[in-house]
> 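For reference, the structure I am asking about is given below.
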Amino acid sequence: MSDVISQDIDRVLITEEAIEARCRELAAQIEADYDEKHITPFIVGLLKGSVPFMAELIKYFRHPIEIDFMSVSSYAGTDSIGDVKINKDTDLSAKGKNVLIVEDIVDTGRTLAEVRKLFYNKGAEDVKIVSLLDKPDRRIVDIQADYVGFSVPNEFVVGYGLDYNQLYRNLPYIGVLKSEIYE
Ligand code: PRP
């Protein structure tokens, strides 16, 4: 860890290699589930945290998919807030589609609960969720992603899309941020 931003990282929790291997597995599993029903998934990444994970994940699909992005806000500082605001909706219509929401982390679960509801209100046929990380200790809303990359402890994790004050998203691994950075 000799690069500059890595100096703020206490330790690496999940390596780039482990993330790539897990993305391969997840894509194969998801694709098999959709193929069984002859479905073309409408894969929607929630900006911005999902970008590296979504880019890695979709590389391993071997059948047609549609992709889109949506931006919602759920965080103020380091604490979750209740309301979810839509900053950017999907470009394509979700009506009648089998939506797969791509997330970087399920924390309190509020964002996903709201976004899932929203897609059903838009007339989606089905809504599933894939999240790179799951932090079950922080859950407030009873929601589970259908596909999870890794379960993580209740620590301040950054990297591979996850930020602290908009920084560290470009780290190619998931790391625990040094406490002096956010305290
Ligand atoms: C983060 C993260 C999830 C959400 C999880 O998004 O990407 O979308 O919070 O929290 P929850 O389960 O408590 O709702 P954020 O709003 O920080 O946007 P970002 O993806 O741009 O970082």
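Basis for what follows: all heavy atoms, side chains included, without hydrogens, waters or symmetry-related copies. Every number for a ligand or one of its atoms is a count from 1 in the order of the listing. If you read the sequence from its start, that first residue is 1, and numbering goes on from there.
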> Do I5 and L167 have side chains that approach each other closer than 4.5 Å (heavy atoms only, starting at C-beta)?
no

> Sorted by first residue and then second, give each side-chain hydrogen bond (donor to acceptor under 3.5 Å, both in side chains) pair with at least one member in residues 39-51; sequence neighbours left out.
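Qualifying pairs, neighbours excluded: K48-Q166.
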
> Only counting residues at least two apart or in another chain, list the ones meeting side-chain contact (heavy atoms from CB on, under 4.5 Å) with D142.
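So D142 forms no side-chain contact (heavy atoms from CB on, under 4.5 Å) with any residue.
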
> Below 4.0 Å, non-hydrogen atoms only: which portion of R138 touches ligand 1? Side chain, backbone, both or neither.
neither

> Taking all atoms of both residues into account, what is the closest heavy-atom pair of M70 and I86, and its distance?
CE-CD1, 4.2 Å

> Against heavy atoms of G49, which atoms of ligand 1 measure under 4.0 Å?
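Here the atoms of ligand 1 in question are 19 (P), 20 (O), 21 (O).
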
> Would you mind listing which atoms of ligand 1 come within a distance below 4.0 Å of any non-hydrogen atom of R169?
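So the atoms of ligand 1 that pass are 19 (P), 21 (O), 22 (O).
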
> Of all the atoms in ligand 1, which lie at a distance below 4.0 Å from a heavy atom belonging to I105?
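With I105 as reference, the close atoms of ligand 1 come out as 2 (C), 3 (C), 5 (C).
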
> In ligand 1, which numbered atoms sit nearer than 4.0 Å to a non-hydrogen atom of D163?
22 (O)

> Do R110 and D107 meet the salt-bridge criterion of a basic N to acidic O distance under 4.0 Å?
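Here D107 does not pair with R110 in a salt bridge, since their nearest N and O are not under 4.0 Å apart.
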
> Please test F150 against L132 for side chain to side chain contact (heavy atoms under 4.5 Å, CB included), starting from the C-alpha separation and ending with a verdict.
CA-CA 6 Å; F150 304 89; L132 174 62; 4.2 Å; yes

> Has ligand 1 got any nitrogen or oxygen that is less than 3.5 angstrom from a nitrogen or oxygen of L112?
no

> Hey, which atoms in ligand 1 end up nearer than 4.0 Å to a heavy atom of L47?
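The atoms of ligand 1 under 4.0 Å from a heavy atom of L47 are 20 (O), 21 (O).
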
> Is there a continuous path of hydrophobic side-chain contacts, each under 4.5 Å between heavy atoms, that joins I43 to Y60?
no

> Among D104, L46, I101, whose heavy atom sits nearest atom 2 (C) of ligand 1?
D104

> Show which atoms of ligand 1 fall inside a sub-4.0 Å distance from at least one heavy-atom site of T108.
11 (P), 12 (O), 13 (O), 14 (O)

